[in-house]
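All remarks here apply to the structure that follows.
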Amino acid sequence: MSTSAQIELWHAEKVATQVTVAQAANGIHYAAWGETRVSEHDLEQLVGAVPAALSPALANRAYYFVPLAIADTGETMIAPGYNVDLGDRAICHRNAAFGATEAVFISTRLVEDRFGLAFEFFINVAHNFVDAAGVPESFSSLVWSQAEAQVRGETSQDAWETRRKAQDSRSTEGRAGQKIIDERARTSYYESTFSDALAVYMLSLAVDFDYHDLREREYPLLAAPALAERLRHVAALFPTNPNYDFQILYRRKG
């Protein structure tokens with residue numbers, strides 16, 4: 001078995017100079033470097049699932065698929081291969097800036113299947129889009145109406161915590177006797193839920209999966225009908241690219 005000393009780490013900027021960044025038909029910039037164990041076809045299908053309507057907000061972004069992005073260094077370092085020692089030092093992704101380009105280095109060897117890699121890529125795309133373009137007002141209205149109706153669960157730990165913080169703040173009343181809402185927490189809630197919904201929407205275009213595969217222990221998963229409502233709203237805002245289909249299938253009981 002190789003050791004970490006046998007695999008030389010590269011500076012992220014050096015990696016960026018060694019590969020040609022491609023532009024997919026949907027406008028997304030991406031590249032692969034090192035022993036990623038992801039085929040060119042699978043990578044094209046993955047990147048191609050991002051709706052073209054998102055691309056203008058991501059024009060200065062480039063996504064680099066690499067074996068491992070190392071977490072425990074001050075500089076962004078990349079491993080061209082995998083071993084256990086480096087795997088223990090790696091993180092799902094690391095960001096770097098090269099002039100006007102915002103680069104996202106995604107570790108392909110920390111996930112066991114296409115589902116894991118796809119979700120890591122799409123949640124990065126979703127957060128990057130929200131950072132650049134914000135959250136559509138229509139989506140914010142939808143999720144807040146669901147929160148007001150006390151729908152069960154949420155789509156991530158961040159969404160769960162910020163929703164509770166925004167709603168719990170109403171236990172304090174203002175001078176006019178009106179309930180006070182923590183607007184900062186509510187804004188964070190909108191951003192979290194929209195990023196989550198956008199990522200799950202793109203995931204559904206690239207991979208067939210069971211919604212309960214997204215379940216985590218720290219919070220209850222959002223009720224399926226509420227998620228479906230969010231996903232349909234996102235699909236209306238950002239239609240699928242050619243050769244990609246969006247559909248929600250409910251499992252029949254019995």
Side-chain angles (χ1 to χ4, degrees), residues 22 24-32 35-55 58 61-69 82 90-93 104-130 139 153-159 192-217 219 221-252:
N26 57 1
I28 299 298
H29 298 90
Y30 73 101
E35 300 173 4
T36 63
R37 292 194 178 179
V38 181
S39 72
E40 183 177 349
H41 176 266
D42 284 348
L43 194 55
E44 289 177 352
Q45 290 294 108
L46 190 66
V47 174
V50 179
L54 300 181
S55 296
L58 303 172
R61 292 277 177 180
Y63 297 91
Y64 293 86
F65 294 85
V66 298
L68 296 171
Y82 174 88
I91 194 170
C92 293
H93 76 276
V104 182
F105 290 85
I106 297 174
S107 298
T108 65
R109 301 290 293 273
L110 281 185
V111 291
E112 298 179 354
D113 52 22
R114 189 181 180 192
F115 172 88
L117 176 60
F119 193 70
E120 178 63 26
F121 171 55
F122 293 135
I123 197 65
N124 272 281
V125 169
H127 281 293
N128 296 157
F129 178 83
V130 170
F139 185 87
E154 264 308 334
T155 49
S156 67
Q157 185 70 30
D158 285 346
S192 295
T193 54
F194 184 62
S195 296
D196 295 341
L198 192 54
V200 173
Y201 169 58
M202 291 186 285
L203 183 65
S204 75
L205 304 180
V207 181
D208 289 331
F209 70 97
D210 189 317
Y211 174 45
H212 288 283
D213 292 342
L214 299 174
R215 180 180 297 170
E216 297 184 36
R217 296 181 180 180
Y219 60 92
L221 200 60
L222 180 69
L227 177 68
E229 190 175 11
R230 295 182 188 183
L231 296 183
R232 292 191 185 99
H233 192 90
V234 170
L237 293 171
F238 307 105
T240 63
N241 298 327
N243 302 319
Y244 289 87
D245 295 311
F246 169 65
Q247 57 180 329
I248 298 171
L249 302 176
Y250 290 91
R251 182 180 297 173
R252 294 187 178 184

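None of the values given here were measured: they were computed from a predicted structure. We number each residue from 1, following the sequence as shown.
No side-chain N or O of Y244 forms a donor-acceptor pair with one of N26 less than 3.5 Å apart.
In this structure, A197 and L231 approach most closely via the heavy-atom pair O-CD2, 3.4 Å. Looking at every heavy atom in both residues, L221 comes nearest to Y211 through CG-OH, 3.4 Å. Between S55 and I28 the shortest heavy-atom distance is OG-CD1, 3.7 Å. When all heavy atoms are compared, the tightest approach of M202 to V125 is CE-CG1, 3.9 Å. Scanning both residues, V50 and N241, for their nearest heavy atoms gives O-ND2, 2.7 Å. Across all non-hydrogen atoms, the minimal contact from A199 to A126 is N-CB, 4.0 Å.
Judged as a salt bridge (charged side-chain N to carboxylate O under 4.0 Å, His left out), and not counting sequence neighbours, the contacts of R230 are E154.
Distance alone, capped at 3.5 Å, places no donor-acceptor pair between the T240 side chain and the D245 backbone. Under the 3.5 Å distance criterion, the side-chain polar atoms of T193 are left unmatched by any main-chain donor or acceptor of A159.
Taking the six-membered ring for Trp and the full ring otherwise, Y30 and F121 have centroids separated by 6.0 Å or more.
Ring-plane geometry between Y201 and F246 is classed as perpendicular, the angle between the planes exceeding 60 degrees on a 0 to 90 degree scale with a lower cut at 30.
Heavy atoms from other residues, nucleotides or ligands lying under 6.0 Å from CG of D208 number 12 at most.
Pairs of residues two or more places apart, or lying in two chains, that qualify as side-chain hydrogen bond (donor to acceptor under 3.5 Å, both in side chains) and include a residue from residues 36-48 are S39-D42.
For the atom pair OG of S195 and CG of D158, the computed distance is 9.5 Å after rounding to the nearest 0.5 Å. For the atom pair CG (L68) and CD (E35), the distance works out to 10.0 Å, reported to the nearest 0.5 Å. Considering CZ of F65 and CD of E120, their distance stands at 9.5 Å, rounded to 0.5 Å. Put simply, SG on C92 and CZ on F105 are 16.0 Å apart, with the number rounded to the nearest 0.5 Å. A distance of 7.0 Å separates CD1 of I106 from CG of L117, quoted to the nearest 0.5 Å. Between the CG atom in L198 and the CG atom in L54 there is a gap of 5.5 Å [rounded to 0.5 Å].
Each of L43, L46, N128, V47 was scored for a side chain to side chain contact (heavy atoms under 4.5 Å, CB included) with Y63, with one residue passing: N128. For the ring pair (Phe, Tyr, Trp, His ring centres under 6.0 Å) with F209, the lone residue among F115, F122, F119 that qualifies is F115. A side chain to side chain contact (heavy atoms under 4.5 Å, CB included) with H127 is found for exactly one of N124, I123, V130, namely I123.
Contact of the V200 side chain with the L214 side chain is registered, since non-hydrogen atoms from C-beta on lie closer than 4.5 Å.
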